[in-house]
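Notes to accompany the following structure.
Throughout, a chain's letter reflects where its sequence line sits, starting with A, and its residues are numbered from 1.
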Amino acid sequence: AQTVTQSQPEMSVQEAETVTLSCTYDTSESDYYLFWYKQPPSRQMILVIRQEAYKQQNATENRFSVNFQKAAKSFSLKISDSQLGDAAMYFCAYRSFNAGGTSYGKLTFGQGTILTVHP
Amino acid sequence: DAGVIQSPRHEVTEMGQEVTLRCKPISGHDYLFWYRQTMMRGLELLIYFNNNVPIDDSGMPEDRFSAKMPNASFSTLKIQPSEPRDSAVYFCASTTWGKETQYFGPGTRLLVL
């Protein structure tokens, strides 16, 4: 079974600075997807960024980027120019490659990292 | 397009009562997922459906939990009887083949006293 580990229960950053959230995972699969979800106090789960394991290029979405190290099974999230609205719980998640048919890979989540942004 | 809709947003009930949580997936999505979030266990998948058929219910904690999807636009998660340890936030999510992302609803916060 796959496992996802977020070793930083809490992180803090000054507004406009950069912060990196860590995530490692364990799998024997070669094809899979990795995600970062944001959960603000409203509890809504919001997709931040997605990475396909077969892509060597790191995904980027505006101020959010990842450092995907497949051999090391590491998937960190970098937030640049942090804003107050970035304060939230961040979850790293793993999903097996969708084999099709009725099967859809199960999303496995890490325990989350609470990010605080100081003005 | 409307997102995933869940109701109620908050539910407070007493131990032993029946609780029904509702979900309307995004139109056109054929996969529907129920998750539970607790402090102790984090986010865990309870069950998921494809084309209204349950595919994997291995995460359903016990027989007190049941889920149905009578049609493509509606699903329920029922707890009968409820217990204090069922207190959690329950999320519904949906997606479709070809989309690699699941889209989450706002969640239902359940408190069982």
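- Using a 4.5 Å cut-off between heavy atoms, B:Y103 makes no contact with chain A at all.
- The candidate with the highest count of non-hydrogen atom pairs below 4.5 Å against chain A, out of B:A93, B:G59, B:G105, B:G107, is B:G105.
- Here the side chains of B:Y48 and A:L107 are not in contact, with every heavy-atom distance at 4.5 Å or above.
- With a threshold of 4.5 angstrom between heavy atoms, B:R109 approaches chain A through its backbone and through its side chain.
- Interface with chain B: from residues 38-48 of chain A, residues A:Q39, A:S42, A:R43, A:Q44, A:M45, A:L47 qualify, criterion being any non-hydrogen pair under 4.5 Å.
- Here the CD-CE distance, from B:Q37 to A:M89, works out to 7.0 Å after rounding to the nearest 0.5 Å.
- Using a 4.5 Å cut-off between non-hydrogen atoms, no part of residues 54-73 of chain A approaches chain B.
- No part of B:F49 comes within reach of chain A, as not one of its non-hydrogen atoms sits under 4.5 angstrom from that chain.
- B:F91 and B:L110 fall into different hydrophobic clusters, defined by Ile, Leu, Val, Met, Phe, Trp and Tyr side-chain heavy atoms under 4.5 Å apart, directly or through other members.
- Rounding to the nearest 0.5 Å gives a distance of 5.5 Å between OH of A:Y37 and CD of B:Q102.
- A:V4 and B:L45 sit in two unconnected hydrophobic clusters of ILVMFWY residues. Membership requires side-chain heavy atoms under 4.5 Å apart, directly or through other members.
- A:V13 and A:F91 fall into different hydrophobic clusters, where Ile, Leu, Val, Met, Phe, Trp and Tyr side chains are chained together by heavy-atom contacts under 4.5 Å.
- Side-chain heavy atoms closer than 4.5 Å link hydrophobic residues (I, L, V, M, F, W, Y) into clusters, and following such links, even through other members, never connects B:F65 to B:Y35.
- Both the backbone and the side chain of B:L43 have a heavy atom closer than 4.5 Å to some heavy atom of chain A.
- No single ILVMFWY cluster, assembled from side-chain heavy atoms under 4.5 Å apart, contains both B:V4 and B:W34.
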